[in-house]
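Working notes, beginning with the structure itself.
No hydrogens, no waters, no symmetry mates; every other heavy atom, side chains included, goes into these values. The first residue in the sequence is number 1, and the count goes up from there.
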Amino acid sequence: MTSRLLMPVRTVLTDRTRGAEAPAGDVPGSTRPTPILDREHPLVTALVARVLRESEARGAVTDRARLQVAHGILVTAVRPVYSVEDRRRVSRTLRLGRGSCSQRMAVLEAVARSLGVETRVRGLLVDGTFWYPRFPKLRAFVPEEVLLAWPEFRLDGADGPTGADGDNGADASTGADGDNGADASTGADASAWVPIAELFTGLGPAEHGGGFTNSGAETLFEAVARTTVDWDAPAACAGSAPCDLSAHLRTDLGRFSSRDELFDLHGQTLCRPARTLAEPVLGRWSAGAAA
């Protein structure tokens with residue numbers, strides 16, 4: 001049993017979610033700072049400088065490789081907790097040295113934008129039962145659905161695989177106009193949207209310790225570097241394989257130019273009173289600690 005009492009009033013069946021949303025390839029990303037992605041803050045610029053230093057030392061010369069380096073830094077530098085403040089500024093997450101999956105993904109987005117890589121997010125309403133393994137004794141307080149901002153990065157085709165096809169991102173053959181990338185007909189300048197789960201390629205659940213179970217110390221943020229994670233039941237997951245999380249997806253809200261835009265339109269997972277009460281506890285509760 002999950003709870004709706006802690007959730008904001010959310011109208012999901014808007015024109016956007018009835019299927020009238022723009023095709024994934026038509027939703028632009030950006031490298032601009034936002035209130036959440038405050039990439040010009042000194043703590044963020046210091047992190048970016050560290051990423052560049054470590055990338056140079058490791059011979060990471062592509063945007064994809066630099067983002068992999070950044071991800072590895074964040075895994076060790078920002079402790080995973082169950083914070084419920086989805087709109088927290090990236091600089092505050094870095095100052096605290098702890099953050100939720102969503103907050104650490106936001107930090108990675110801010111780093112990407114600082115490196116000149118456009119980002120956007122896909123809004124996913126995930127069934128609250130997905131989090132039952134983490135809160136076995138508190139299931140009655142788990143929200144009925146959790147709003148997840150799933151980042152996507154616009155990477156050059158030369159950086160590796162072109163990312164997702166179909167609904168998972170823009171088709172590399174179509175390219176993008178204006179500031180969002182060059183048309184794929186130009187050849188080497190072609191770029192495509194790559195979900196965070198595809199920053200690390202060539203992963204499979206069998207070879208990397210099994211699929212993601214949403215239990216223990218590993219969160220989604222760590223899991224994408226170890227095993228395949230997918231919300232769309234791809235053929236590679238064979239429908240029931242551990243990497244297939246599609247059964248937990250309630251609603252795909254579409255793509256948004258930033259997580260700020262997503263939360264402006266659909267709110268956060270918890271209503272403000274619930275966040276105020278829960279954050280002092282959950283914001284310090286380490287992922288994997290006994291519930």
CA sep, side-chain torsions, deciding dist, call: Arg259, Asp264, salt bridge (Lys or Arg N to Asp or Glu O under 4.0 Å): CA-CA 8 Å; Arg259 60 182 50 235; Asp264 283 346; over 6 Å; no
Side chain to side chain, Pro80 and Arg104, heavy atoms closer than 4.5 Å: yes
Atom pair OG (Ser191) and CG (Leu155), whose distance is rounded to the nearest 0.5 Å: 8.5 Å
Thr276 side-chain N/O to Arg272 backbone N/O, donor-acceptor pair under 3.5 Å: yes
Atom pair SG/CG of Cys271 and Leu277 - distance to nearest 0.5 Å: 8.5 Å
Flag, side chain of Arg39 to backbone of Thr31, donor-acceptor distance under 3.5 Å: yes
Ring pair (Phe, Tyr, Trp, His ring centres under 6.0 Å) involving His71 - partner list, sequence neighbours excluded: Phe200, Phe221
Heavy-atom side-chain proximity of Leu245 to Asp230 below 4.5 angstrom: no
Residues Thr119, Arg154; criterion side-chain hydrogen bond (donor to acceptor under 3.5 Å, both in side chains); working and verdict: CA-CA 6 Å; Thr119 75; Arg154 195 165 187 88; over 6 Å; no
Spacing of Arg89 atom CZ and Ile36 atom CD1 [to the nearest 0.5 Å]: 9.0 Å
Ser83/Glu279 under side-chain hydrogen bond (donor to acceptor under 3.5 Å, both in side chains): CA gap, chis, key distance, verdict: CA-CA 6 Å; Ser83 175; Glu279 182 61 26; 2.9 Å; yes
Salt-bridge criterion met for Glu85 and Arg92 (N-O under 4.0 Å): no
Ring centres under 6.0 angstrom apart (Trp231, Phe212): no
Ser30 backbone acceptor or donor facing Arg113 side chain under 3.5 Å: yes
same_hphob_cluster(Tyr132, Leu138) at 4.5 Å side-chain heavy-atom cutoff: yes
Test of ring centre spacing under 6.0 Å for Tyr82 and Phe135: yes
Step-by-step salt bridge (Lys or Arg N to Asp or Glu O under 4.0 Å) determination, Arg250 to Glu144: CA-CA 10 Å; Arg250 284 190 163 200; Glu144 184 175 349; 3.1 Å; yes
Heavy-atom side-chain contact between Val78 and Thr93 under 4.5 Å: yes
Co-membership, hydrophobic cluster, residues Leu96 and Trp285, 4.5 Å side-chain: no
Flag if over 12 foreign heavy atoms under 6.0 Å of CZ, Arg79: yes
Check: Thr269 side chain, Leu147 main-chain N or O, donor-acceptor pair, under 3.5 Å: yes
Distance flag, aromatic centroids of Phe141 and Trp131, threshold under 6.0 Å: no
Under 3.5 Å: donor-acceptor pair, side chain of Gln268, backbone of Asp86: yes
Salt bridge flag under 4.0 Å for residues Arg122 and Asp232: yes
Val61 backbone acceptor or donor facing Arg66 side chain under 3.5 Å: yes
Chi angles and distances behind the salt bridge (Lys or Arg N to Asp or Glu O under 4.0 Å) call for Arg226, Glu222: CA-CA 7 Å; Arg226 180 186 63 81; Glu222 287 87 15; over 6 Å; no
Glu118 side chain near Glu109 side chain, heavy-atom distance below 4.5 Å: no
Joint cluster assignment, Leu43 & Val81, ILVMFWY side-chain distance < 4.5 Å: no
Ile73 side chain reached by Val51 side chain, heavy atoms, under 4.5 Å: yes
Atom pair OG1 (Thr129) and CD (Glu145), whose distance is rounded to the nearest 0.5 Å: 11.5 Å
Straight-line distance of Ile196 CD1 to Phe153 CZ, nearest 0.5 Å: 5.0 Å
Leu125 vs Val146 side-chain heavy atoms within contact, under 4.5 Å: no
Close side-chain approach of Val229 to Leu220, heavy-atom, < 4.5 Å: yes
